Amino acid sequence: MPGNIRSVSAVRVVLLCLVFCRRLTIIGAAPICTNGQAGCHVLSLANLFDRVIQHSARMHGISNDLHSEFEQYFLPSKNQVGRVSRNCHTSTILTPNGKENAQRMAREELTEVILKLLVAWGDPLWHFHQTLEMSDMVHELRKGVEKVAEKMQMLGIIVNSVSSQASPEALLPSDSAEWRLMKDYDLLYCFRRDSNKVQNYLKILKCRIVPEHGC
Amino acid sequence: MQRHSPQTVSLCQQRVLLALLSNAVLALFFSVSNLYLSLSFCHCLSAPIEPHFTECVSRDQETFRCWWSPGTFHNLSSPGALRVFYLKKDSASREWKECPEYIHSNRECFFDVNHTSVWVPYCMQLRSQDNVNFFNEDYCFTVENIVRPDPPVSLNWTLLNISPSGLSYDVMVNWEPPPSADVGAGWMRVEYEIQYRERNATNWEALEMQPRTQQTIYGLHIGKEYEVHIRCRMQAFTKFGEFSDSIFIQVTEIPSRETTLPLTLILVFGIVGILILIMLIVVSQQRRFMMILLPPVPAPKIKGIDPELLKKGKLDELNFILSGGGMGGLPAYAPDFYQDEPWVEFIEVDAEDADTGEKEDNQGSDTQRLLGLPQPASHHMNIGCSNTVSFPDDDSGRASCYDHDVPEQDTVMLMATLLPGQPEDGEASLIVERAPTPERGERPLIQTQTTGPQTWVNTDFYAQVSNVMPSGGVVLSPGQQLRIQESTSATEEETQKKGKESEGSEETEGKKQKEPQFQLLVSTARQISTPPISPMPGAEYQTIQHPQPAETKPAAAAEDNQSPYILPDSPQSQLFAPVSDYTVVQEVDSQHSLLLNPPPHQSPPPCLPPHPLKALPAMPVGYITPDLLGNLSP
């Protein structure tokens, strides 16, 4: 255990530096207008999707860098993949694991899955390191996806609104507190995986709904 | 035949034996060591290599393949001797399953779409056929991490441009994404990397990774052949796919010189033709064209003087003319006229003069004060003797130098810078003394008051002080100053005299409006170069006008050698207003006299006797106005 504590503290220091360095290169997503907000021009659905996808790609890139740096500095032994025998705390969320599955999934369900994932990662990241802005990124991405969902509902693409659900925390299973038990490395590993999921799902969704640009 | 002793023979043999033995020992030693080393080496190499997976790769993130190797277990190399098992850790069921599809020829296990789950950890395992031996148990991965996209296809290039120097060029390379990667559905986001090199080089140049399907390569050299290939990978992942086939780019020299050749020829011929034309015009001396090409430069002009003299720089002739030698009018005076009259320059400034000078600071020029010339008010000038030129009413008792008759006479002081005076009120702005009677001119000294009104002509040039007298007087070098002392008091009428040149022209001309017999003595800087120290004003002195030139002819002037004044021959006599320090030469009249600008007319204060000096204040500003000019003409 002392070794774990030591590694944890060192991890936090390293990750703090890494994230701050990358923070400088983060392209801040422009705020999406709320209804009735003056001075904003309403974005099209394609633009909304582009923004959200760009944001999620950035998030995934950062999570990937974090994970690889962590692995390089603290866990030089290879093949740690096998160690992840325990589940990530988001393993309970049913996610499509293949392209066909994702494409066959209904848009509402896919959007809901995305939101679930994003909701699930807000708190753990904040608790992982308060000054890391990953948690903010996740929150912003979640808001963005919610806007996309609203727009889609407005356009009649999806039938029932995802945001009409109860508090997002209800989506999580009751034993979601198990993320507190995860180690830092596992946390990063899971987050990296889930950010990749989110990015892929968003891209699939976009190319299915508004395929004109960049698909 | 020489017989060897048995002892020598035995020694030799012993030596040979020894050598052989040593060799044998060495050989043995080496062989043993080699054996030992080889044995040990063999021991290392003899460790068996287990069967293992070489790699698992996915090309499209929907399927993947795994390859294995039996290692050194050659008995397991036969197909079916090793079995592949995998474990998907995505559900509660954690059981090992066998490979869904074997390709034994390749020792490959293929997982199709149904068996592939992304974001799910897989663990692979090799087992022997009898499930006894497990090999390589901890090879785990997730599918998205083992994706290596296929190389892009349809790689081609187009020429963008060629540099102006014709040595380098840019190409645009474009391609298509690999067909296996479903980029269109957004399932895979791919970024590309182009690499190129010269044909025979060993190192590749890699360009920056970017997700677009085209890229520009800059700075390729003409004539060289380049090899280009491309590969790609998933964004934010690390594993690259394979390189595509290479394409070759080569651009040979483009003979573009031909298009520029006619232009250069035209330019050259045009310039040569223009040059020839200009030469012809110049040579043929056509006036018309010459005027157009080379317009003449205007020559300097001075009225009354032939410009040719000015152009050719004949200074002596010019001086002669200006001095009136050849044109009649102005008399030519001997340069050394005043060689022997050093007193001309001698001035003595009275102590009172300073006060009065300050009082009337604005009324007189510095030169006048310096020279002690009578200022408008009670200005006393002690010239030579204790007498000072003073006004009758201010006579401070130095009448000995004065002739009381003088006050009745017109006394004006001729200032150095004589101006064309304004005769209108009969007041002479210029202090020109009446020409004294010859008998007055006895005194050789500057006390020419005794000899008559001496008119001091203050030419107001820059005078070089050659000496300072013990009594306080200043000896000025000639050529600049000529003062005609006013011996008598100023009269009511002030005559105005026209001064001579201001700028050193040789000719002076005083036009006196009034009264007779006053003489002006004006020094002219005939030679500016070296004013003689000795008071030889003669060279510079020149007579100026004389009011009544009839009486006072040059003969009289000659008689009045001692008098400081010279009688000018000029019939014209006009008194002019005193000349200011700087005067503008208006023009040169027929007699080669300079018409200077008069000072603005000023009436002296009525309480003061009309002294020419009173008008001095106006002198510094003495410019003639057109209406005044009309009054100048005699």
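Remember, it's a predicted structure, so these values are computed and weren't measured experimentally. Residue numbers begin at 1 in each chain, while the letters A, B, ... track the order of the sequences.
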Determine all donor-acceptor pairs shorter than 3.5 Å in which one atom belongs to a side chain in residues 229-238 of chain B; sequence neighbours excluded.
unit_1	atom_1	unit_2	atom_2	d
B/H229	NE2	B/Q195	OE1	3.3
B/R231	NE	B/E193	OE1	2.7
B/R231	NH2	B/E193	OE1	2.9
B/R233	NE	B/E191	OE2	3.1
B/R233	NE	B/F237	O	3.3
B/R233	NH1	B/F237	O	3.4
B/R233	NH2	B/E191	OE2	3.2

Ignoring hydrogens and angles, write down the donor-acceptor pairs under 3.5 Å from the side chains of residues 65-73 of chain B, residues two or more places apart or on other chains.
unit_1	atom_1	unit_2	atom_2	d
B/R65	NH1	B/E108	OE2	2.4
B/W67	NE1	B/E108	OE1	2.8
B/S69	OG	B/G71	N	3.2
B/T72	OG1	B/I49	N	2.4
B/T72	OG1	B/I49	O	3.1

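- The shortest side-chain heavy-atom distance between B/D60 and A/K99 does not fall under the 4.5 Å cut-off.
- A donor-acceptor contact closer than 3.5 angstrom is absent between the side chains of B/N145 and A/R193.
- Counting non-hydrogen atoms of neighbouring residues, nucleotides and ligands closer than 6.0 angstrom, the CG atom of B/D245 reaches no more than 12 such neighbours.
- Using a 4.5 Å heavy-atom cutoff, the side chains of A/N196 and B/W119 are in contact.
- Most heavy-atom pairs under 4.5 Å with chain A, from the set B/V118, B/L87, B/T116: that is B/V118.
- Heavy-atom distances place no part of A/R208 under 4.5 Å from chain B, backbone and side chain included.
- Contact between A/G98 and B/W187 at its shortest, heavy atoms only, is C-CH2, 3.7 Å.
- Put simply, CG on A/N200 and CE on B/M188 are 9.5 Å apart, with the number rounded to the nearest 0.5 Å.
- Note that OG1 of B/T142 is 6.5 Å distant from CZ of A/R192, once rounded to the nearest 0.5 Å.
- The shortest heavy-atom contact between B/A185 and A/C207 is O-CB, 3.6 Å.
- The CG atom of A/N97 sits 7.0 Å away from the NZ atom of B/K88 when rounded to the nearest 0.5 Å.
- The 12-atom threshold is not exceeded at CD of B/E242, counting heavy atoms of other residues, nucleotides or ligands nearer than 6.0 Å.
- When B/D182, B/V143, B/V113 are compared by the number of non-hydrogen pairs under 4.5 Å with chain A, B/D182 comes out ahead.
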